[in-house]
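Residue indices begin at 1 and follow the sequence shown. All values derive from a computational prediction rather than experimental measurement.
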Amino acid sequence: MNITERHQLILQELQEKGKVDIQELSERLQVSGVTIRKDLKLLEEKKLLFRTKGGGSTQNPYAIERPINEKEFIRMEEKKRIARAAMELIGHNDSIIIGSGTTVFELARILHPSKHITVITPALKVALELCNRPNVDVLQIGGLIHQSSSAAAGSFAERLLDDISCGVLFVGVDGIDPEFGLSITNLAEASLNMKMIGLAQTVVVMADSSKFDRRGIGRICSLEQVDFIITDNQVDSATVQMLQDRGVKVILAP
């Protein structure tokens with residue numbers, strides 16, 4: 001089989017499955033993994049696929065930064081279901097952190113506690129949503145406000161967290177990758193998220209299924225540092241099993 005025939009077969013499999021695996025292609029085409037990698041590199045240069053760890057995909061594995069007012073209208077129903085599932089994890093905690101992002105903002109929208117709770121947040125939209133809500137005290141994390149997310153980040157914001165502890169952190173991400181871990185598309189906010197993860201007793205990631213097998217530029221933490229991931233029911237069973245094997249409890253929002 002010549003190079004043209006290999007490329008045609010690879011593209012056909014991509015069209016049918018959405019992704020290809022180097023090991024499987026190597027065995028099927030009876031060529032080395034090095035040859036397949038070269039094929040994938042050539043096809044990526046022609047903008048026919050995206051190379052991923054161990055293969056190729058029709059989907060770009062790297063998340064891009066989008067303004068919060070644009071992201072707000074993407075997968076709205078999934079975000080609402082994820083938020084409703086997240087409410088169950090607040091429990092009897094008297095302090096929580098709600099991070100920045102449109103998925104965690106949905107939690108702020110539906111938070112109407114029957115007893116007093118303190119919400120710590122770097123997100124202006126979350127603070128504005130909750131500042132006059134009965135039984136809610138808001139601790140706004142200050143610092144440089146990033147226009148894309150309308151949230152504070154940087155050294156001033158991190159300094160405020162030095163003497164704080166809380167029960168549960170609800171955090172949104174742009175990418176969940178088995179090797180790279182959790183990531184977002186803003187480096188300054190990645191550092192703040194690392195800090196928040198360090199002070200929370202329980203870490204809850206709220207992310208719809210489009211965030212899996214993607215990477216943002218700023219790594220937040222490994223999967224082993226996460227207690228729960230709440231997502232929608234479009235995540236495949238193999239991914240759920242992998243997460244559970246790594247010690248992460250997965251909640252599929254109905």
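Gln8 and Gln12 share no donor-acceptor pair across their side chains, judged by distance under 3.5 Å alone. Between the side chains of Asp245 and Gln241, at least one donor-acceptor pair of N or O atoms lies under 3.5 Å.
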Report the C-alpha distance between Leu43 and Leu14 in whole Å, list the side-chain angles of each, state the deciding distance to 0.1 Å, and finish with yes or no for side-chain contact (heavy atoms from CB on, under 4.5 Å). CA-CA 11 Å; Leu43 291 170; Leu14 267 175; 5.8 Å; no
Given the rule in the side-chain contact (heavy atoms from CB on, under 4.5 Å) test, do Leu42 and Ile3 qualify, once you have shown the distances and angles that lead to the verdict? CA-CA 10 Å; Leu42 287 169; Ile3 185 171; 3.9 Å; yes
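When side chains are defined from C-beta on, Lys211 does not count as touching Val205, because their heavy atoms never get closer than 4.5 Å. Within the 4.5 Å cutoff, the side chain of Leu48 has no heavy atoms near those of the His7 side chain. When side chains are defined from C-beta on, Glu179 counts as touching Arg215, because their heavy atoms get closer than 4.5 Å. Side chains of Leu139 and Val119 form no contact here, defined as non-hydrogen atoms less than 4.5 Å apart. At a threshold of 4.5 Å between non-hydrogen side-chain atoms, the residues Val226 and Leu243 do not count as touching. Here the side chains of Leu182 and Ile176 are in contact, with some heavy-atom distance below 4.5 Å.
Within the structure, salt bridge (Lys or Arg N to Asp or Glu O under 4.0 Å) contacts touching residues 128-157 (residues at least two apart or in different chains) are Glu129-Arg133.
Of all non-hydrogen atoms in Ser183 and Gly216, the two that sit nearest each other are OG-N, 2.7 Å. Closest heavy-atom contact between Ala123 and Ala151: CA-CB, 3.9 Å. Of all non-hydrogen atoms in Cys221 and Gln225, the two that sit nearest each other are CB-OE1, 3.1 Å. Across Asp213 and Pro178, no two heavy atoms sit closer than the pair OD1-CD, 4.0 Å. Between Ser26 and Gly33, the closest heavy-atom pair is OG-N, 3.7 Å. Contact record, Leu160 with Gln140: CD2-O, 3.8 Å, taken as the closest heavy-atom pair.
Annotation: the span from Leu130 atom CG to His112 atom NE2 amounts to 8.5 Å, rounded to 0.5 Å. Between atom CG of residue Asp39 and atom CZ of residue Arg6 there is a gap of 4.0 Å, rounded to the nearest 0.5 Å. Rounding to the nearest 0.5 Å gives a distance of 11.0 Å between CE of Met206 and CG of Leu169. Taking CD1 of Ile117 as the start and CG of Asp94 as the end, the distance is 7.5 Å to the nearest 0.5 Å. Taking CG from Leu161 and CG from Leu199, the interatomic distance works out to 5.5 Å, rounded to the nearest 0.5 Å. Within the model, atoms CD1 of Ile184 and CD1 of Ile220 stand 4.5 Å from one another, a figure rounded to the nearest 0.5 Å.
Every residue two or more places apart in sequence or in another chain that forms a salt bridge (charged side-chain N to carboxylate O under 4.0 Å, His left out) with Lys41 is listed here: Glu45.
Between the Asp227 side chain and the Val203 main chain, a donor and an acceptor come within less than 3.5 Å of each other. Side chain of Glu106 to backbone of Thr103: no donor-acceptor contact under 3.5 angstrom is found. In terms of modelled atom types and a separation under 3.5 Å, the side chain of Asn93 and the main chain of Val168 share no donor-acceptor contact. A donor-acceptor pair is defined here as one N or O able to donate and one able to accept, closer than 3.5 Å; such a pair exists between the side chain of Asn135 and the backbone of Pro113. Using modelled atom types, one side-chain atom of Glu44 and one backbone atom of Arg51 make a donor-acceptor pair closer than 3.5 Å. In terms of modelled atom types and a separation under 3.5 Å, the side chain of Arg246 and the main chain of Glu224 share no donor-acceptor contact.
Annotation: Asn2, atom CG; neighbour count of heavy atoms from other residues, nucleotides and ligands within 6.0 Å is above 12. For CD of Gln15, the number of neighbouring non-hydrogen atoms (other residues, nucleotides, ligands) closer than 6.0 Å is 12 at most. In this structure, His92 places its NE2 atom where only 12 or fewer heavy-atom neighbours from other residues, nucleotides or ligands lie under 6.0 Å away. Dense packing is recorded around NZ of Lys115, with more than 12 heavy atoms of other residues, nucleotides or ligands lying under 6.0 Å away.
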Would you list the atom pairs, donor with acceptor, under 3.5 Å between side chains in residues 228-236 and any protein atom, with sequence neighbours excluded?
{"from": "Thr231", "atom 1": "OG1", "to": "Ala207", "atom 2": "O", "distance (Å)": "2.7"}
{"from": "Thr231", "atom 1": "OG1", "to": "Ser209", "atom 2": "N", "distance (Å)": "3.4"}
{"from": "Asp232", "atom 1": "OD1", "to": "Ser209", "atom 2": "OG", "distance (Å)": "2.9"}
{"from": "Asp232", "atom 1": "OD1", "to": "Gln234", "atom 2": "N", "distance (Å)": "2.9"}
{"from": "Asp232", "atom 1": "OD2", "to": "Ser209", "atom 2": "N", "distance (Å)": "2.9"}
{"from": "Asp232", "atom 1": "OD2", "to": "Ser209", "atom 2": "OG", "distance (Å)": "3.2"}
{"from": "Asp236", "atom 1": "OD1", "to": "Ala238", "atom 2": "N", "distance (Å)": "3.1"}
{"from": "Asp236", "atom 1": "OD1", "to": "Thr239", "atom 2": "N", "distance (Å)": "2.8"}
{"from": "Asp236", "atom 1": "OD1", "to": "Thr239", "atom 2": "OG1", "distance (Å)": "3.0"}
{"from": "Asp236", "atom 1": "OD2", "to": "Thr239", "atom 2": "OG1", "distance (Å)": "3.4"}

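The hydrophobic cluster containing Met196 also contains Val248, counting ILVMFWY residues as joined when their side-chain heavy atoms lie under 4.5 angstrom apart, directly or transitively. Grouping the Ile, Leu, Val, Met, Phe, Trp and Tyr side chains by contacts below 4.5 angstrom, directly or via other members, places Ile197 apart from Met194. Both Met1 and Val31 are members of a single hydrophobic cluster when ILVMFWY side chains are connected at heavy-atom separations under 4.5 Å. Following chains of ILVMFWY side-chain contacts shorter than 4.5 Å, one cannot reach Val173 starting from Phe105, and the two form parts of different hydrophobic clusters. Ile120 and Val136 end up in different hydrophobic clusters when Ile, Leu, Val, Met, Phe, Trp and Tyr side chains are linked at under 4.5 Å.
Between Lys195 and Asp162 a salt bridge is recorded (basic side-chain N to carboxylate O distance below 4.0 Å).
Shown are Val104, Leu107, Thr121, Ile97; of these, the side chain to side chain contact (heavy atoms under 4.5 Å, CB included) with Val126 is made only by Thr121.
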